[in-house]
Each structure stands twice: as C-alpha cells, then as structure tokens.
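In this text the structure is predicted, and so the values were computed from the model without any measurement. One is the number of the first residue; the rest follow in order along the sequence.
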Amino acid sequence: MADTADLPLLTILLLLTACLVSIFVVVQVATTYTTAYLAAPNEITTFIDAVDFSIQENESYDRDVAKVQRLEDKLRMGKLLREIQKSGDDLREDLNGLLIDEGGTRLRSSTRLLWATKRKRLEEKVRRLDLLRMRFLVVYMGLVAAKGTSEQTHTRDPEKHVTPKTTVRPGLPHALTEGITRKPPLRRLTTQAMGHNDHVGSPQKQGWMGVVAELQNSPLMHKRHASIERNMTSPG
C-alpha cells in the first residue's frame, strides 16, 4: 500500500522538474530572439557596410592583379578574386532578400522576428569572405616580397662578377722604338772584366809583364829615371 501511495508523488516531482526545465529553455530562447529582434536594425547596417566595402576592395584587387607579371601567379590571383566577388554577390543577394526595399535598410517583420537564425547564416558568409580576402592579401604580399628579393639578388650579382679594367699603357713613338732597336746591346759587366775573378785562364806571368810594361811607359817613371841619372852624373 505504501508503494502505491508513493508513485503519484514521484510522478508529480518528475513532472514539476520537466516543467521547470522547459520553462527555463523557453525563457532563454525568448530572451535570445528578443535581443536579436531589438539589435536587428543596427546589425543589418553592419552587414550592408561590409558588402559595400568588399565591392570597393574588389576594384583595388583588380589593379593588384594587373600588376602581376607572371602568368601563373596572375591566374592564381584572378581565381581568388573571382571567389571573393562571388561570395560578395551571394551575400548581397541574401541581404536583398531580407530587406523590404532593395538597397534599403529596413527588415521585413518575419525576418526581424527570426533574426537570431538569419544572423548566423550571414555571419558565416561574412567570415568566409574575410578569409578569402585575407588569403588574397597574403598571396599578393608574398609575390611582392619575392619580387623584391629577386631584384636585390640581380643588383648584387653584377657587382660580384665585375672584371677589373686593365689599364693599357700608351705605346712608344715609332721613331723611338726604331732608335732602340738600332742601338747595339750594352755589354754586361762581369767580375771577369773588373779583374775580381780568381779563376782567370791566363797565366800569372802575363799579368806581371803587363804591369811592368805599363810602369815603363808611364811619364812619371821616365821623369824618375831622368832625375836619378842627373844625380848620378853630377859630381859629388
């Protein structure tokens, strides 16, 4: 009997718990949608500004693609630019479908009531558009940096391989060169000509005879002999 009496009480507790949980969920959902409903007019203008800014950036991206010289890099950046343009166009179409007037800022009543769910979809598309733009900028900056480094290497390499200029001496006049060729070559001075070589092939006797002959032919020696003869003939 006690078990049958306790069953209705347990059922009542479970029902109360379920009701409290459901009420909490409903209140949370209602709060979320109410907050989104109130913030919808300001947030829709933010999305519209993002789309307009993307369209303006696409014009500058076209100029950046035109500056690329390599065909492979130009095709790669052109593909990224087309993806950016397609994402921007899709986002613009979605916004136009949510607005009362195309190009305006007033939301439809149904869109504003369900703005919490619509906003998530728009945020995902804006995030994808930002990622594509960031990817485009990274690729473009990489190409610019690679071009700068290649130009620096090209400017440095010729400095390394510059060959020194050889200075050509002016040639001598023709008359001077003929005079040099006509002159006989000078004799080379040797120790033999100066008499300092001890290994001369002539005998020693010839050397002394040459010295005596030079002394006999010297005028000083003649004067010496004459004075001696005068002294000898003079009376003592």
Side-chain angles (χ1 to χ4, degrees), residues 7-68 70-147:
L7 287 175
L9 182 59
L10 182 59
T11 304
I12 293 170
L13 290 175
L14 291 174
L15 291 174
L16 290 175
T17 304
C19 290
L20 292 175
V21 171
S22 60
I23 291 170
F24 176 77
V25 172
V26 170
V27 170
Q28 188 175 3
V29 171
T31 303
T32 302
Y33 276 82
T34 302
T35 305
Y37 179 85
L38 297 175
N42 295 327
E43 292 179 354
I44 193 63
T45 56
T46 303
F47 287 112
I48 293 172
D49 292 338
V51 174
D52 294 337
F53 179 75
S54 177
I55 294 172
Q56 294 176 0
E57 287 292 320
N58 291 339
E59 296 177 358
S60 63
Y61 293 161
D62 289 332
R63 293 191 294 268
D64 294 337
V65 173
K67 294 178 183 178
V68 179
R70 291 182 58 187
L71 180 60
E72 183 180 357
D73 297 334
K74 185 174 290 187
L75 293 175
R76 182 183 178 187
M77 295 189 67
K79 183 179 179 181
L80 290 173
L81 181 58
R82 286 192 297 272
E83 291 181 359
I84 293 172
Q85 292 174 351
K86 187 176 182 302
S87 297
D89 294 338
D90 293 340
L91 182 59
R92 186 66 185 180
E93 290 179 359
D94 291 342
L95 289 175
N96 290 332
L98 300 176
L99 298 173
I100 296 175
D101 297 328
E102 185 175 352
T105 58
R106 293 183 59 186
L107 289 169
R108 296 178 180 178
S109 58
S110 60
T111 302
R112 190 172 180 180
L113 288 173
L114 301 175
W115 179 246
T117 56
K118 300 291 184 180
R119 181 178 57 187
K120 291 182 180 179
R121 183 180 177 183
L122 294 175
E123 287 176 351
E124 291 177 358
K125 289 191 175 184
V126 171
R127 189 180 297 110
R128 184 175 183 275
L129 181 61
D130 291 337
L131 290 176
L132 290 174
R133 289 166 55 191
M134 186 64 67
R135 184 181 176 185
F136 181 89
L137 292 175
V138 169
V139 173
Y140 180 73
M141 294 303 294
L143 294 176
V144 172
K147 183 179 178 181

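Taking CZ of Phe136 as the reference point, atom CD of Glu83 lies at 11.5 Å (rounded to 0.5 Å). We find the CZ-CG distance between Arg108 and Leu114 to be 13.0 Å, quoted to the nearest 0.5 Å. Taken from CD1 in Ile48 to CG in Leu99, the straight-line distance is 5.0 Å, to the nearest 0.5 Å. Separating the OH atom in Tyr61 from the CG atom in Leu81 is a distance of 9.0 Å, to the nearest 0.5 Å. Between atom CG of residue Leu107 and atom NZ of residue Lys118 there is a gap of 11.0 Å, rounded to the nearest 0.5 Å. Atom CG of residue Leu75 and atom CG of residue Leu71 lie 4.5 Å apart, to the nearest 0.5 angstrom.
Between Arg76 and Asp73, none of the side-chain N atoms (NZ, or NE/NH1/NH2) sits under 4.0 Å from a carboxylate O, so this pair counts as no salt bridge.
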| field | Candidate pair Glu57 and Leu137, rule side-chain contact (heavy atoms from CB on, under 4.5 Å), full reasoning | value | CA-CA 11 Å; Glu57 287 292 320; Leu137 292 175; 5.9 Å; no
| Would Leu98 and Asp94 satisfy side-chain contact (heavy atoms from CB on, under 4.5 Å), going step by step from the backbone distance to the final call? | CA-CA 7 Å; Leu98 300 176; Asp94 291 342; 5.6 Å; no
| said: Apply salt bridge (charged side-chain N to carboxylate O under 4.0 Å, His left out) to residues Asp130 and Arg133 and explain how you reach the verdict. | reply: CA-CA 5 Å; Asp130 291 337; Arg133 289 166 55 191; 3.5 Å; yes
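Considering all non-hydrogen atoms of both residues, Ser87 and Leu129 come closest at CB-CD1, 3.9 Å. Summarising the geometry of Gln85 relative to Asn58, their closest heavy-atom pair is CG-ND2, 3.7 Å, with the distance given to 0.1 Å. Minimum interatomic distance between Val68 and Met77 (heavy atoms only, all atoms of both residues): CG2-SD, 3.5 Å.
Looking at heavy atoms from C-beta onward, Lys125 lies out of side-chain contact with Phe47 at the 4.5 angstrom threshold. When side chains are defined from C-beta on, Thr111 does not count as touching Ile44, because their heavy atoms never get closer than 4.5 Å.
Pairs passing the side-chain hydrogen bond (donor to acceptor under 3.5 Å, both in side chains) check and including a residue from residues 30-50, sequence neighbours excluded, read Glu43-Trp115, Glu43-Arg119.
Surrounding CZ of Arg121 are at most 12 heavy atoms belonging to other residues, nucleotides or ligands under 6.0 Å away.
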